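Have a look at the structure below, then the notes.
Quick note: numbers below take in every heavy atom, side chains included, and nothing from hydrogens, waters or symmetry partners. Letters go in sequence order (proteins before strands), and every chain restarts at 1. Just so it is clear, the model here is predicted, and its values are computed rather than measured.
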Amino acid sequence: DAMVIQNPRYQVTQFGKPVTLSCSQTLNHNVMYWYQQKSSQAPKLLFHYYDKDFNNEADTPDNFQSRRPNTSFCFLDIRSPGLGDAAMYLCATGRGRETQYFGPGTRLLVL
Amino acid sequence: AQRVTQPEKLLSVFKGAPVELKCNYSYSGSPELFWYVQYSRQRLQLLLRHISRESIKGFTADLNKGETSFHLKKPFAQEEDSAMYYCAPCSGGAGGTSYGKLTFGQGTILTVHP
């Protein structure tokens, strides 16, 4: 029944070692979002895909990239994770102003 | 700049008491307004959307355009309402032809005591 799936649920990486988080959806929504949520803070939008069009938020660091090979899958790549990148990463899907559906999140730990 | 303010970080009430979670926003244009909720160990999910005017789990929210507020209310709180609540205006995406950008408030942790 899960509509937005994120893998892995927990990810441990080393400082500077590239890491990829994945998200998949069964809702066939044309928009997929990636949010970063640090401890005790609100989710913050990093970027989104509208179909194949990538849209970066102005304050998202270059260290963060994304790929969307097809409608169902979207990946978040962190090229050189720093200690400050430790957070919960949330994937969401939606259409226009409709409700966004969130995945359970991937908690990233950087050692 | 778009801004969302939830002035109470923590809110505690007793079971059966009324509860109001405040949200004020500063936005250009006409955002669509949402409340999202995150229960312990669960994913973030929709609680209420202004345009649908539905009452979900007994919650309602009234939009006051003059005060730019969208406060969430429930007349009788239940223990299972204990959660983190986010007010989230959504800009863009009119007509479902593009994307909608949610801006989350800082959230209010509601605790309902027995």
Are more than 12 heavy atoms, taken from residues, nucleotides or ligands other than [X], located less than 6.0 Å from that residue's [atom1] atom?
X       : atom1 : answer
B:Phe14 : CZ    : no
B:Asn64 : CG    : yes
B:Phe76 : CZ    : no
A:Gln14 : CD    : no

B:Phe34 side, atom CZ; A:Arg97 side, atom CZ - distance, nearest 0.5 Å:
8.5 Å

Which region of B:Ile109, side chain (C-beta onward) or backbone (N, CA, C, O), has a non-hydrogen atom less than 4.5 Å from a non-hydrogen atom of chain A, or is it both or neither?
neither

Please determine, among B:Gln42, B:Gln6, B:Arg49, the option with the most heavy-atom pairs under 4.5 Å with chain A.
B:Arg49

What residue in B:Lys9, B:Arg41, B:Gln38, B:Gln106 has the most heavy-atom pairs under 4.5 Å with chain A?
B:Gln106

Can you get from [X] to [Y] by hopping between Ile, Leu, Val, Met, Phe, Trp and Tyr side chains that sit under 4.5 Å apart?
X       : Y        : answer
A:Trp34 : B:Phe104 : no
B:Tyr85 : B:Leu11  : yes
A:Leu90 : A:Leu45  : yes
A:Met88 : A:Val19  : no
A:Phe15 : A:Val12  : no

Validation row: B:Tyr36, A:Pro43 side chains within 4.5 angstrom (heavy atoms):
no

Any side-chain heavy atom of A:His48 within less than 4.5 Å of one from B:Lys101?
no

Please output the residues of residues 72-80 of chain A in contact with chain B, using a heavy-atom cutoff of under 4.5 Å, in numerical order.
none

Side chain to side chain contact (heavy atoms under 4.5 Å, CB included) between A:Val4 and B:Arg43, intermediate numbers included
CA-CA 10 Å; A:Val4 183; B:Arg43 65 184 68 195; 4.3 Å; yes

Option in A:His29, A:Lys44, A:Gln37 with maximal non-hydrogen atom pairs under 4.5 Å from chain B
A:Gln37

Chain B contacts, top residue of A:Tyr49, A:Tyr35, A:Tyr101 (heavy-atom pairs, under 4.5 Å):
A:Tyr35

Using every non-hydrogen atom in the two residues, find where B:Leu44 and A:Phe102 come nearest and quote the distance to one decimal.
O-CB, 3.4 Å

I need the minimum non-hydrogen distance between B:Gly105 and A:Ala42, along with the two atoms involved.
O-CB, 3.0 Å

Taking only residues two or more places apart in sequence or in another chain, which ones pass disulfide bond (SG atoms under 2.5 Å apart) with A:Cys91?
A:Cys23

Sidechain-backbone polar pair: A:Tyr33 side chain, B:Gly100 backbone, donor-acceptor under 3.5 Å
yes

